Amino acid sequence: MRSINKRLARIFSDMGAFYTYSGEADRFRAIAYEKAARIIGDLEEDVSNFTEKEMEAIEGIGHGIATKIEEYIATGKISKYEELKSKMPLDLISLLSVKGFGPKTVKAIQGALKIKTRAQLVRALKDGRIAKLKGFGSKKVENMLKGLELHDAVEKRIPLWDALQMSERIVKDLQKLPEVEKIDIAGSIRRRKETIGDLDILLTCRQKDRQKVIDHFIGVEGVKRVLAKGDTKASILIKETDQPTAKKRMIDRQVDLRIVEPEEWGAALVYFTGSKQHNVHIRRIAQDQGLKVNEYGVFKEPQNKCIASQNEEEVYQSLGLQWMPPEIREDSGEVELALKNKIPELIKLKDIKGDLQMHSTWTDGTHSIEDIANYVEKNHKYDYMAITDHSQAVRVAGGIGEKDLLKQINEIRNINRKLGRQFVKTGVEVDINVDGSLDCSDELLAQLDWVVASIHTNFNRNNTDRLIKACENPYVHVIGHPTGRLLGTRERYEVSMEHLIKAARATGTALEINAQPQRMDLDDRYARMASERGVKLVISTDSHSYDQFDFMQLGVAIARRAWCKKKDILNTRSWADLMKFYRKKRSSKPAISTV
DNA sequence: GCCGTTTTCGGCCCGACTGTTTTCAGTCG
């Protein structure tokens, strides 16, 4: 289990906050702890499998932190952390994540008024004591109170799909202005992170038109508050009502707009796409070469001559780097490969040849199989699609029994006859029972073109054995949404990804990247882990209605963030090649593995 | 705290906006 990594990441992140709070002298110590927290949190393997030496070999982990990890593994505690914690006003430190509350501010208040808790602080803000302090004033106090008020609403991250819809709406609105030249969505949306905090929009216009564009921006539909407004930059808080994934939950979002000159576009796009760690890394590389990178370009010291800025390729090239797709700009190895010109060619949406999980009116889908087939044929250039309605155990979704499935096979044959090609594949999303057996007989599964096996019940147990047993069934092509998580709603169930990946590889079973916005399951990290270990993946939309077929772009985005190439994804292959892959599985009768 | 093809000490990315200042500190991304 990776939970020890999570616990350690949490501790180091807290230690980072402690040191941030404690002041300028510890600033870089704080950064080091925050960096370590991120590294350990992202680590695929359990830290307890590492020796101290191996840990120190990881960039960003040195002797000090490795020793603390060892101490935690041995004793379940880190004495330095306990010591710091006992001395810190914890309640106040939690305020550092609130807008307007930095370490200096909190410390100044705490020092001057001997305040220990958040509640005392709020009182002091309201009764005017803080406004009287040196360096404070009524505006600052007002902003701090606003920060507190908005903190809960804005803190939650929203699913990528919702963020895409929101930002596209704003971009379209801004595009109505003839003054706007280039415009693009940057930030974590451009990197296609699975959840999004703020929305970042970048545009170019002529200098004289900036004010007009900014004025238009702060007046777009749904603006609740203007957080900042300058010559080249503005931030608004927007209230979004139409968030399908969030089920109409109203969530305020901060939207940042930045305006640059047309010739600065490439540098600005790099800068505002990030990630922060990626930017820091490329700036270090620039420094080593006597160069400086900012949002305006790459500059050669000492004359400060701009040597690149127009487009991203040029900016990266001027630093000796190959261009990198936004999805992998997370400082997780991409910069090192770009230096060697070895960035892989990632999978693209147009590589996808078919969709292999969807539901019809036979169970919980909205449309008949024939309608879906016609829709998909018309709107997506696929060579095949598989109908995978639920098996009978999934009662909430109206799962169907074997008799109905046989009838469905006949219906699909008739539809294909009408279409004049074998476009629609027969299939099922068969439920994996608690004991790992399947909710359909092998005899029936053998007659189907495509079998997805998924868990929909009894989440509250370790499901590793259950999923491995499903992999061992010779008729199972792919494990559907392998971790079962629902973003913001349901935690993933317990499963050892390492063991599942091993079993998937040994049995020739694929794992699914389920592209439903609230699933995105496998996520990018596990997808990368699986494909690096030779497991093939399938990207499916799990569509229940027409519009959901567009989710394929989300699945492809995860695969790209997972560094997947076309060859790693099975449904980039022709149907014949896909079947070749599985003939091996059915003929080899894989040995039963043990956990 | 981490790190090192000049360094085991002395660096550690860079600029916009706000509010409180009379020239800049704090916060943010």
Side-chain angles (χ1 to χ4, degrees), chain A residues 12-13 15-16 18-20 22-39 55-69 78 80-81 84 95-109 130-144 146-147 154 186-188 197-202 210 214 226-235 254-260 264 267-268 270-289 291-299 304 319 331:
Chain A
F12 288 143
S13 163
M15 290 178 79
F18 294 163
Y19 283 122
T20 302
S22 85
E24 192 59 21
D26 287 317
R27 193 172 133 223
F28 292 104
R29 185 174 276 116
I31 291 171
Y33 272 109
E34 276 157 16
K35 186 176 177 188
R38 185 179 63 87
I39 290 166
M55 280 187 275
E56 284 184 44
I58 301 171
E59 155 123 35
I61 307 287
H63 184 67
I65 285 180
T67 311
K68 290 185 176 68
I69 296 174
I78 293 174
K80 187 77 197 170
Y81 170 69
L84 288 167
L95 287 168
L96 294 181
S97 61
V98 179
K99 256 186 223 329
F101 290 76
K104 302 267 170 64
T105 302
V106 174
K107 215 170 178 185
I109 296 172
I130 289 175
K132 284 189 206 125
L133 297 177
K134 187 173 152 57
F136 289 76
S138 61
K139 269 280 191 178
K140 191 165 164 72
V141 166
E142 194 185 320
N143 282 337
M144 289 167 80
K146 271 184 198 168
V154 183
S188 50
D198 298 341
L199 316 184
D200 294 292
I201 295 171
L202 181 68
R210 280 183 190 163
I214 285 190
V226 177
L227 299 169
K229 174 177 173 282
D231 292 337
T232 62
K233 191 175 158 178
S235 295
Q254 180 172 333
V255 188
D256 297 328
L257 175 73
R258 182 65 190 263
I259 303 179
V260 295
E264 294 160 352
V270 168
Y271 179 85
F272 290 106
T273 299
S275 64
K276 191 173 161 188
Q277 285 78 23
H278 175 90
N279 285 353
V280 168
H281 198 158
I282 63 170
R283 282 191 201 136
R284 266 207 312 272
I285 284 176
Q287 264 188 337
D288 293 345
Q289 304 172 44
L291 300 170
K292 186 179 77 175
V293 183
N294 57 29
E295 58 261 60
Y296 306 112
V298 180
F299 298 87
N304 227 26
L319 301 170
D331 194 23

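Each chain gets a letter, A, B and so on, in the order its sequence line appears, and its residues count up from 1. These numbers were taken from a predicted model, which means no experiment stands behind them.
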Which value, in whole Å, describes the distance between the [atom1] atoms of nucleotides [N] and [M]?
N	M	atom1	answer
B:dC3	B:dT8	C1'	10 Å
B:dT7	B:dC2	C1'	14 Å
B:dG11	B:dT6	C1'	14 Å
B:dC14	B:dC9	P	25 Å
B:dT21	B:dG26	C1'	12 Å
B:dT20	B:dT27	C1'	14 Å

[X] near the nucleic acid: base, sugar-phosphate alone, or nothing, with a heavy-atom cut-off under 4.0 Å?
X	value
A:N279	nothing
A:S235	nothing
A:V98	sugar-phosphate
A:K68	sugar-phosphate
A:S188	nothing
A:F28	base
A:K229	sugar-phosphate
A:G100	sugar-phosphate
A:R258	sugar-phosphate
A:I58	sugar-phosphate
A:D26	nothing

Examine [N]: is either OP1 or OP2 under 4.0 Å from a nitrogen or oxygen in the side chain of [X]? Give yes or no.
X	N	answer
A:K292	B:dG15	yes
A:K99	B:dG29	yes
A:K276	B:dG29	no
A:Y271	B:dA16	no

Item to complete: Evaluate the side-chain proximity of A:E295 to A:E264: yes if any heavy-atom separation is below 4.5 Å, no if none is.
Response: no
Worksheet item: Hey, are the side chains of A:K68 and A:Y81 touching, using non-hydrogen atoms and a 4.5 Å cut-off?
Response: no
Worksheet item: When you measure from the side chain of A:T232, which nucleotide among B:dT27, B:dC17, B:dT18 comes out closest?
Response: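 When the side chain of A:T232 is considered, B:dC17 is the closest of B:dT27, B:dC17, B:dT18.
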Worksheet item: Nearest to the side chain of A:K139 - B:dA16, B:dG1, B:dT20?
Response: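 Looking only at heavy atoms from C-beta outward on A:K139, the closest nucleotide is B:dT20.
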Worksheet item: Paired with B:dT8 by Watson-Crick or G-U wobble geometry, both distances under 3.5 Å: which nucleotide is it?
Response: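 Base-paired to nothing in any strand shown.
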